[in-house]
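No experiment lies behind these values; they were computed from the predicted model shown.
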Amino acid sequence: MEKQVIQSVGFRNTKNDKGEITGFQFKVRLPYYRGIFLSQIRPGTLFINGKKIEKEQITWIIDGEEFTNEEMAVDFHTHWSTSKPAVLKVKMAGGLAQGYHDLKYGFCFTSSYMPPIIQSNLDPDKEPFVFMPEFGHHVNERRLLIV
């Protein structure tokens, strides 16, 4: 995996069974030394080329299984390992045009051993008062290419 949270490998348009482009996908790695359960994830807002993507348009794929944000919030059993990136699928009719695209996406997660006062104001869309990228508290930006 690459050092950046947003991975360049796997950034592509997605198609349905009829071959129609229905959106795009990209991968993110977990910037943490341990894995986490899906209920610990606090998904942020995705911006593509400055345009906000609604959270309802995004699903996460962990170990081949697809989850909505609502499903992840109550999933205390599925574990996301540090060694496998998650795939984020975005529903967008027609997908993205060939060329470069700017992605901006933040997510964070809770940790059982961090004081609740630190975690009570987690906002995946803003940099925290105390910068701790190892806990996923970082808004990630990357320019990627679709060919």
Original post:
Between atom CG of Leu38 and atom NE2 of His77, what is the distance when rounded to the nearest 0.5 Å?
Top reply: 11.0 Å
Original post:
To the nearest 0.5 Å, how far apart are NE2 in His79 and CD in Gln40?
Top reply: 7.5 Å
Original post:
Just how far is it from atom CD of Glu2 to atom NZ of Lys27, taken to the nearest 0.5 Å?
Top reply: 10.0 Å
**OP:** Could you list the residues that satisfy side-chain hydrogen bond (donor to acceptor under 3.5 Å, both in side chains) with Arg29, not counting sequence neighbours?
**Re:** none
Subject >> Ile6 reachable from Ile146 in the ILVMFWY side-chain graph, under 4.5 Å edges >> reply: yes
Subject >> Heavy-atom pair of closest approach, residues Ser39 and Ala73 >> reply: CB-O, 3.6 Å
Subject >> For Thr68, all residues meeting side chain to side chain contact (heavy atoms under 4.5 Å, CB included), sequence neighbours excluded >> reply: Thr59, Glu70, Glu71
Original post:
Tracing side-chain links under 4.5 Å among I, L, V, M, F, W and Y, which residues wind up in one group with Ile61?
Top reply: Val87
Original post:
So how far is it from Asn13 CG to Gln25 CD, rounded to the nearest 0.5 Å?
Top reply: 9.5 Å
**OP:** Decide yes or no for Leu30 and Ile36: does some side-chain heavy atom of the first lie under 4.5 Å from some side-chain heavy atom of the second?
**Re:** yes
Subject >> Atom of Lys55, atom of Gly44 and distance for their closest heavy-atom approach >> reply: CE-O, 3.3 Å
**OP:** Identify, with sequence neighbours excluded, every residue that meets side-chain hydrogen bond (donor to acceptor under 3.5 Å, both in side chains) alongside Asp75.
**Re:** Thr78
Subject >> Geometric class of the Phe107/Trp80 ring pair [parallel <30°, tilted 30-60°, perpendicular >60°] >> reply: tilted
**OP:** Please state whether the rings of Phe24 and Phe26 are parallel, tilted or perpendicular, taking 30° and 60° as the class boundaries.
**Re:** parallel
Original post:
Closest approach of Pro43 and Met72, non-hydrogen atoms and distance?
Top reply: CG-CE, 3.8 Å
Original post:
Who passes side chain to side chain contact (heavy atoms under 4.5 Å, CB included) against Asn16, sequence neighbours left out?
Top reply: Lys18, Glu20, Thr22
Subject >> Connected-component partners of Val9 among ILVMFWY, side-chain separation under 4.5 Å >> reply: none
Original post:
Out of curiosity, does Phe67 fall in the hydrophobic cluster containing Leu88 (side-chain heavy atoms, cut-off under 4.5 Å, transitive links)?
Top reply: yes
Original post:
Considering residues at least two apart in sequence or located in another chain, which fulfil the salt bridge (Lys or Arg N to Asp or Glu O under 4.0 Å) criterion with Lys89?
Top reply: Glu66
**OP:** Sequence neighbours left out, what passes side-chain hydrogen bond (donor to acceptor under 3.5 Å, both in side chains) with Ser81? Give chain and number order.
**Re:** Ser83
Original post:
When rounded to the nearest 0.5 angstrom, what is the spacing between OG1 in Thr82 and OH in Tyr32?
Top reply: 10.5 Å
**OP:** Determine whether Phe11 and Leu96 make a side-chain contact, defined as any pair of heavy atoms from C-beta on separated by less than 4.5 Å.
**Re:** yes
Original post:
Side chains of Asn69 and Trp60: does their closest heavy-atom pair fall under 4.5 Å?
Top reply: yes
**OP:** Applying side chain to side chain contact (heavy atoms under 4.5 Å, CB included), name anything that partners Asp102, two or more places apart in sequence or on another chain.
**Re:** Asn49, Arg143
Subject >> Partner residues of Tyr100 under the ring-ring contact (aromatic ring centres under 6.0 Å, His included) criterion, sequence neighbours left out >> reply: none
Subject >> Residues in salt bridge (Lys or Arg N to Asp or Glu O under 4.0 Å) contact with Asp17, at least two apart in sequence or another chain >> reply: none
**OP:** May I ask whether Leu145 and Met92 are part of the same hydrophobic cluster, defined by side-chain heavy atoms of I, L, V, M, F, W, Y residues being less than 4.5 angstrom apart, directly or through others?
**Re:** no
Original post:
CG of Leu103 to CZ of Phe47: how many Å apart, nearest 0.5 Å?
Top reply: 12.0 Å
**OP:** State yes or no: do Phe109 and Phe76 share one hydrophobic cluster built from I, L, V, M, F, W and Y residues joined by side-chain heavy-atom distances below 4.5 Å, directly or via other members?
**Re:** no
**OP:** List, by chain and then residue number, the residues other than Val74 in its hydrophobic cluster (Ile/Leu/Val/Met/Phe/Trp/Tyr, side-chain heavy atoms under 4.5 Å); write none if there are no others.
**Re:** none
Original post:
Do Leu46 and Gln57 touch side chain to side chain, with heavy atoms closer than 4.5 Å?
Top reply: no
**OP:** Give the minimum heavy-atom separation between Arg142 and Leu144, together with the two atoms involved.
**Re:** CG-CD2, 3.6 Å
Subject >> Close side-chain approach of Thr45 to Lys52, heavy-atom, < 4.5 Å >> reply: yes
